[in-house]
Amino acid sequence: MSPKPKGNQKKLINSTEGIYLVDAGAGTGKTFTVSRRYAKLLKKETEPEDILLATFTENAAENMREEIINYCNCDLSKLREAPISTFHGFCQQLLMKKGFKAPAGLGLEEAITANTRTISNRVQENREFANFYDSFQENYPEYGQFYRIVYENTNLLQLIKSLAVKGIFPKQSGWYRGGDKLLSGNYHEYLEKLERVNAPVPGKRGKKQSKLLNRLTGMKNRTFDSEEIKRRQDIRDGKQVDPGVMKEAFNQDRSELIAFIHDLYLEYLNYALGRNYLNFSFQLMFAYVLLMEDDRLRESIQFDYVMVDEFQDTNEIQFKLSLLLSSTGNILAVGDWKQSIFGFQYASVENITEFEDRLDEFYHQLNKDRQRTPYTPGEVNRISLRRNYRSSQEILNFSERALEVRGKKEEEVSLNREVVSLEAAKSKVDTDISAFVSESEVEGVLSRLVRVVEGDEAKLNGNPIEYKDVAIFSRNRSFARELDKKARELGVSVAYEGGAEIFKSDPGVILLAWLRVMERRNSKRGWSVILDEAGYNIAEVKSIIDEEDFPPDTLRFRDQLKEAYDIGAVTRKIFIRYGFDNTFTDAIIEVLQNTFDSSYMNLASVVQFIEENIRQGETYDIDSQKEEATTVQTIHSAKGLEYPVVFLANMNQHTFPSTNSDGKRIFYNDSLGLRARKSYSDSDGFLYDDLETYLTSRVSGVDYSEERRLLYVAMTRAENYLFLSAEKGKEGRFFKELDLDPVDLEPSIDEIKSRRAARPRKTLRVGRPGSKRPKKKSVHSVIDITFENHSGGRGKEFGTMIHAFAEKIASGKEVTVSQEERGKEDKVNVKNFIQSLSGKLLPEQEVLIPKYENETKHVYHGSIDLLHVSDDRVRVIDFKTDEDRTNESQYKRQISLYAEGVSAEYPDREITGHIYYTKLNKLVTTFKI
DNA sequence: AGCGCACCTGTTTTT
DNA sequence: CAGGTGCGCT
């Protein structure tokens, strides 16, 4: 059953000593190979705790862990604890265990505490930052000129975070370990680019002027300070820009700007620590400082083996952490530069493309004043995985063209790095690449989709294509949402996946209305939504609000809401009233509960939070449950996935490639350092364009390489069929440059409707697995109970509430049960029961249980309500809100599975399984080992 | 062929 | 607000 490693996969598994950079292209079995290499190390007597395996997402880490557990027959509890995680997760743990004093490494007085949380919500941090920025402006009036430049203060926050991941940190005085050198930029790099772009281009009739001079058109539309422009009256030097002017521009004095950013950065760190939070960038920063400064700690932590997956998504500080965390120099970096698409999120492709240079540079930085890494890196060994187990050779060949396609007409693409061509492991007959354009693209794509599924033109190994075999990608979310909406209207089986603006949805709007009404009895904005929803017409709504003569049932409901003990409960009550129950409501409840996690509920701040989410267009992930439908998603969210049929839609002008212009007034990049785009003139009070910044930033043109990689990622998701689509007459550069010879498609709505109605399908398939997306198997999949009888008719929401209540008590929080509260009886029972237990209480314990079924190994996931650990015995307790014991036999299977998972952890103790019926106040023993 | 100008249009998201 | 594109002038 389990596949055997082949070729270079084998080589990678067996090469464990030294530094390895592995080029693992799309679909080459990376997870598989890395997990086998891990297993190999275990066989060589290495303990899991001596191997650090870092991945990009939590999900990837869990998949890797599962893969390893599946394959290895070794101590499960050790593997569960093993450091297989994201860099962030690792740093968080490190800081919590040993890092309270880390900020002292920067000379900060504030410390990290046990209460320091990680802020993950952008809206939340922006709000904190805005609050901080107000007081900063008061305390530092001397930076007035910069406050006038900045129009969006969250840009400053982004800037600070991007400096942090590059290893540029402020100290109480000055900058940490010479980080400020980077702030002045890299003159060599600048000069190199300048010379290339400033040389006159030879044309047919002599020398044309330089590209730089061309790029400077538009200069006359800007307003430069007259003094400034006078000093550089003539920037021309024949057919090029005067190199002296360009040099002077680079060397512009920016000491005040740097001082401003220093103080802002430093004070923000103090603020965040004082308010007990860190963001993801600061987490990495403090972990790094800690490891740099505390030699004994570093030595005690360093690993025998460090393996980093998805290396193309790492940033500078993560590269340095990898070196710093190794005790031996046995380091593995696996990735594919062609799939690096998160640059805007601080990932740095150069970590791979300039691996050797960076290794050398970073190694010397780390060991500058004393030896911190007890090894010298030897030669870098390179291994390439080129066998692709996903796509047809046709698609693989075609997708390579994506890497060389021009982003604009004049661009010259130079691929100055090696592309490891992929070879299809299996030849496929059912494969094709085609393109089409249509006047209304949404309809065009849908009609093409319907034809592919309902028609007979394409097959997969002789089987018809199903909706779920197909994915539709777009560069931006808005097209994907639009398509999803249209598909719903026409009844085409399509489901959107990815981020959505949940607070703009119907449930979100109603929720906000009720919260407003709770906050202020006569909130106009609140009532108008509620009354409108209740069916009153505009005139009626107006008079009700004017007279404050609100319908009694709504007032009663409002009072009920006020009694709920936290925001989650309020939200649930509202959604139940309206019968809302979908992916949006789930997401809203989750977000609110995570954000307002205390039982103390401040309505005003919840309202503000939601308003801010709406204003900023913040999105949250929703998963659609429609397993049989075609997925619509952005290319970014499709990374790592694969589908037999892929539509790459919306390849239109201004969209794909998208023009990447960050209009930030103060920005940083590697070659220019820190610069301000505008300058404020004290003499006349005007804001001018900054000439120096304008000139220098013209040197590097727009870079389309990440857009090309995005195109490459999209194409390499396809196994058999690839369709490319654009709006007729609006075809974008990529679509044009690919030379596709598109078919002109004239969609008709009637055709879509009739085709999808024509043939009710029966799914019958042979020899082909279904969705390949990673699916966790829940313990609940072994029991077969619907929610109606699950909680004895009291509903899913009731069960969740009681479980949340139990978790609070078990984790030692103060709780009170009021007289008229819902579920009072159950709660009192639970409270008394839990308080009667002596010993250690571990609520909500995650378990992983490997299990053989039909000779295949599965890993089940589950969450144990309560683990009661005493010296000789461990009780696995599951709370049930059922009013009778009819489901008990089903529950027994569930609990025995839990107990199996637990027994691996506590091999020397007796394990017993129990059900506690909260209504019946009865503890039933179901299991004994 | 080479250059300049007016017009058009608008992004991705994990920890 | 900045960049690409296409058109029109020289």
Side-chain angles (χ1 to χ4, degrees), chain A residues 54-61 85-92 118-122 125 151-152 158 161 164-165 200-209 211 213-223 239 278-284 287 310 313-315 317-318 340-347 406-411 473-480 498-500 617-621 633-640 650 652-665 677-678 689 694 697-698 701-704 706-707 709-711 713-714 730-733 736:
Chain A
T55 60
F56 184 52
T57 63
E58 296 282 4
N59 231 337
S85 71
T86 60
F87 270 107
H88 291 90
F90 177 80
C91 292
Q92 165 73 11
T118 311
I119 251 190
S120 56
N121 187 293
R122 214 183 64 194
E125 192 183 10
Y151 61 95
E152 180 68 58
Q158 277 179 39
K161 290 203 255 184
V165 299
V201 183
K204 293 195 175 158
R205 283 190 285 174
K207 287 192 170 181
K208 287 201 261 180
Q209 64 177 222
K211 277 189 199 148
L213 219 34
N214 277 334
R215 277 187 202 158
L216 287 173
T217 51
M219 200 165 142
K220 57 180 82 58
N221 299 332
R222 318 192 142 262
T223 44
K239 296 243 176 221
L278 294 178
N279 60 38
F280 292 116
S281 298
F282 293 170
Q283 229 169 41
L284 297 178
E310 307 280 11
D313 294 324
T314 55
N315 53 43
I317 203 169
Q318 287 166 332
S340 172
I341 56 172
F342 287 104
F344 64 91
Q345 204 47 266
Y346 315 134
R406 287 184 293 186
K408 64 172 172 176
K409 232 177 176 176
E410 278 81 26
E411 197 191 8
F473 301 151
S474 94
R475 175 65 179 83
N476 57 24
R477 234 186 285 121
S478 59
F479 181 85
E618 184 67 346
T619 61
Y620 298 90
D621 255 13
Q633 58 194 157
T634 62
I635 304 173
H636 281 95
S637 68
K639 202 187 167 205
N650 199 219
N652 300 335
Q653 273 177 40
H654 310 287
T655 310
F656 198 19
S658 92
T659 51
N660 235 339
S661 63
D662 69 29
K664 281 172 206 129
R665 295 279 172 86
R677 241 178 259 282
K678 301 267 179 185
D689 287 296
Y694 183 72
S697 59
R698 226 92 300 241
V702 184
D703 186 7
Y704 287 98
E706 187 150 316
E707 292 292 302
R709 295 195 293 265
L710 203 48
L711 181 62
V713 168
K730 297 269 173 72
E731 298 88 344
R733 192 39 59 192
K736 286 183 187 162

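Quick note on labels: first sequence line is chain A, next is B, and so on, each numbered from 1. Values in this document were obtained by computation on a predicted structure and should not be read as measured data. Atom set for the values below is all heavy atoms of this structure, side chains included, hydrogens, waters and symmetry mates excluded.
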Could you list the protein-to-nucleotides 6-10 of chain C atom pairs, N/O on both sides, closer than 3.5 Å?
none

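Look at Y704(A) and you'll find a side-chain N or O under 4.0 angstrom from OP1 or OP2 of dG4(C).
Side-chain proximity of N214(A) to the nucleotides dG10(B), dT11(B), dG4(B) is greatest for dG4(B). Each of dT12(B), dT15(B), dC1(C) was ranked by its minimum atom distance to the side chain of H88(A); first place goes to dT15(B). Nearest nucleotide to the T86(A) side chain, out of dT15(B), dC1(C), dT11(B): dT15(B). When the nucleotides dT15(B), dG3(C), dT12(B) are ranked by their closest atom to the side chain of F280(A), dT15(B) comes out on top. If you check dT15(B), dG10(B), dT12(B) against the side chain of R477(A), the one that comes closest is dT12(B). The side chain of E58(A) approaches dT15(B) more closely than any other nucleotide in the set dT12(B), dT15(B), dC8(B). Side-chain atoms of V702(A) lie closest to dG4(C) of the nucleotides dT12(B), dG4(C), dT9(B). Residue N476(A) places its side chain closer to dT12(B) than to any other of dT12(B), dT14(B), dG4(B).
For the pair K408(A) NZ and dT5(C) P, the computed distance is 8 Å after rounding to whole Å. In this entry the distance linking CD of Q158(A) with P of dT11(B) reads 16 Å, nearest Å. The CG atom of D703(A) sits 13 Å away from the P atom of dG3(C) (whole-angstrom rounding). Residue R709(A) contributes atom CZ, which lies 18 Å from atom P of dT12(B) at whole-angstrom precision. One can place CZ of R475(A) at 15 Å from C1' of dT9(B), the figure rounded to the nearest angstrom. Whole-Å rounding puts the E706(A) CD to dT12(B) C1' distance at 9 Å. Here dT11(B) presents its P atom at 18 Å from CG of L711(A), a figure rounded to the nearest Å. Rounded to whole angstrom, the span from the CG atom of L710(A) across to the P atom of dT12(B) amounts to 11 Å.
The environment of K730(A) atom NZ is sparse: at most 12 non-hydrogen atoms of other residues, nucleotides or ligands sit within 6.0 angstrom.
In this structure, F56(A) has its ring center under 6.0 Å from that of F342(A).
Along DNA chain C, the nucleotide nearest to K678(A) and the one nearest to G407(A) differ in position, and the one closer to the 5' end is contacted by K678(A). Residues H636(A) and S281(A) both approach DNA chain B. Their nearest nucleotides, taken by heavy-atom distance, put H636(A) toward the 5′ side.
No salt bridge links E152(A) with K664(A); every basic N to acidic carboxylate O contact stays at or beyond 4.0 Å.
Here A480(A) pairs with S474(A), Y496(A), V632(A) under the side chain to side chain contact (heavy atoms under 4.5 Å, CB included) rule; sequence neighbours left out.
Contact annotation for R698(A): backbone-only contact, meaning every heavy-atom pair under 4.0 Å involves sugar-phosphate atoms and none involves a base. Across all strands shown, S120(A) has no heavy atoms under 4.0 Å from either base or sugar-phosphate atoms. Nucleic acid contact for F656(A): none, since no nucleic acid atom lies under 4.0 Å from a heavy atom of the residue.
Side chain of N652(A) to main chain of T655(A): no donor-acceptor pair is present (N/O by atom type, distance under 3.5 Å, no hydrogens or angles). Not one N or O on the side chain of R733(A) forms a donor-acceptor pair closer than 3.5 Å with the backbone of G407(A).
With no hydrogens or angles considered, a side-chain donor-acceptor pair links Y620(A) and N121(A) at under 3.5 Å.
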Item to check | side chain to side chain donor-acceptor pair (under 3.5 Å) between S340(A) and E706(A), intermediate numbers included | outcome: CA-CA 7 Å; S340(A) 172; E706(A) 187 150 316; 4.8 Å; no

